[in-house]
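Comments concern the structure below.
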Amino acid sequence: MAALLLWLFSLSFLAFPSYAQEDYDSLPEPYKKGVDMALEKLNSHASILHHFLFFKSVEKSEFEPGFDVKYIYHNFYLKATKCQKGTVDSSGCKFRNDRPLIDCVTCYKTFIGEIEEHPNPYVHCVHRPALTEGMRTSRAERCNDLGYSSGTPTLLLSTGKD
């Protein structure tokens with residue numbers, strides 16, 4: 001009986017595989033670039049031992065003031081996999097369920113689809129259990145300031161009347 005249950009349990013993993021890369025692949029290109037930027041920053045930490053993948057979007061928004069400029073905001077989760085950090089082909093990496101999600105926010109300006117260096121893109125990632133309301137507020141303020149540091153984009157759209 002135990003063998004039968006184990007066999008049925010293993011079949012459920014085959015029937016419901018992880019579609020992490022499909023979720024990432026379905027993101028619009030400007031959002032993928034922000035996820036890649038967050039993964040690069042995360043992997044630069046020596047304390048990170050596992051390979052992480054995009055898990056899901058929490059919130060996405062963009063503002064297009066015109067002239068091929070977009071301001072992107074993306075809040076998303078990264079999840080640890082069973083693969084080691086530095087894995088190149090992540091197609092075989094399965095998600096770990098024994099590690100907390102990493103909550104990330106990225107906000108940045110793009111011009112013709114490329115992330116601009118000015119104003120500096122903002123990336124903030126933290127394990128979800130450690131995320132505080134103060135961090136959420138700080139994230140929102142930093143992302144709001146990003147648009148203002150480049151000048152008020154709505155001024156470019158206004159048409160004066162004489």
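The figures that follow rest on heavy atoms only: side chains count, while hydrogens, waters and symmetry mates do not. For clarity, every value in this text was computed on a predicted model and none was experimentally measured. Residues take their numbers from the sequence shown, with the count starting at 1.
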task = Enumerate the residue pairs fulfilling side-chain hydrogen bond (donor to acceptor under 3.5 Å, both in side chains) with a member in residues 43-56, sequence neighbours excluded, ordered by first and then second residue.
result = H50-R96

task = Please list, chain by chain and in numerical order, all residues satisfying ring pair (Phe, Tyr, Trp, His ring centres under 6.0 Å) with Y73, sequence neighbours excluded.
result = none

key: Pairwise side-chain contact, R142 with C107, heavy-atom cut-off 4.5 Å (strictly under)   = no

key: Test log, rule side-chain contact (heavy atoms from CB on, under 4.5 Å), inputs Y77 and V58   = CA-CA 7 Å; Y77 297 146; V58 177; 3.4 Å; yes

remark   = So salt bridge (charged side-chain N to carboxylate O under 4.0 Å, His left out) across residues 125-135, not counting sequence neighbours, yields E133-R136

ask   = What residues join L131 in its hydrophobic cluster, counting side-chain heavy atom gaps under 4.5 Å, either direct or through other members?
value = V126, M135

task = Determine the minimum heavy-atom distance between K32 and L27, stating which atoms define it.
result = CE-O, 3.2 Å

Expected output: side-chain N75 to main-chain C104 donor-acceptor under 3.5 Å = yes

ask   = Can you tell me how far the OG1 atom of T110 sits from the CD1 atom of I115, to the nearest 0.5 Å?
value = 8.0 Å

message = I'd like to know if the side chain of S57 and the backbone of E59 have a donor-acceptor N/O pair within less than 3.5 Å.
response = no

remark   = Separation between CG (D36) and CD (E40), nearest 0.5 Å, reads 8.5 Å

query = In Å, rounded to the nearest 0.5 Å, how long is the span from OG1 of T106 to NZ of K41?
reply = 11.0 Å

Residues clustered with V88, ILVMFWY side-chain links under 4.5 angstrom = none

key: Single-linkage hydrophobic cluster, 4.5 Å side-chain cutoff, Y122 and L39 together   = no

query = In terms of hydrophobic clustering (I, L, V, M, F, W, Y; side-chain heavy atoms under 4.5 Å; direct or indirect links), are L42 and V105 co-clustered?
reply = no

task = Check whether any side-chain heavy atom of V69 lies under 4.5 Å from a side-chain heavy atom of E116, and answer yes or no.
result = no

query = Does any N or O in the side chain of K60 come within less than 3.5 Å of the main-chain N or O of I72, such that one atom is a donor and the other an acceptor?
reply = no

request  = Kindly compute the distance separating NE2 (H127) from CG (L78), expressed to the nearest 0.5 Å.
outcome  = 10.0 Å

ask   = Looking only at atom types and distance, does a side-chain atom of R139 sit under 3.5 Å from a main-chain N or O of H124, one as donor and one as acceptor?
value = yes

ask   = Roughly how far, to the nearest 0.5 Å, is the OG atom of S26 from the CZ atom of F54?
value = 7.0 Å

note = Heavy-atom nearest pair, V35 first then H74, reads CG2-CE1, 3.9 Å

task = Please identify each residue that fulfils salt bridge (charged side-chain N to carboxylate O under 4.0 Å, His left out) with E62, with sequence neighbours left out.
result = K70

query = Please walk me through it: do L101 and K79 pass side-chain contact (heavy atoms from CB on, under 4.5 Å)?
reply = CA-CA 5 Å; L101 295 173; K79 191 168 184 173; 3.7 Å; yes

message = Under a 4.0 Å threshold between the charged nitrogen and the carboxylate oxygen, would K82 count as salt-bridged to D98?
response = no

remark   = Scanning both residues in full, the closest heavy-atom pair of P121 with Y108 reads CB-CB, 3.8 Å

message = If I take atom CG from residue L146 and atom CG from residue N120, how far apart are they, to the nearest 0.5 angstrom?
response = 9.0 Å

request  = Answer yes if the ring centres of F55 and F76 are under 6.0 angstrom apart, and no otherwise.
outcome  = no

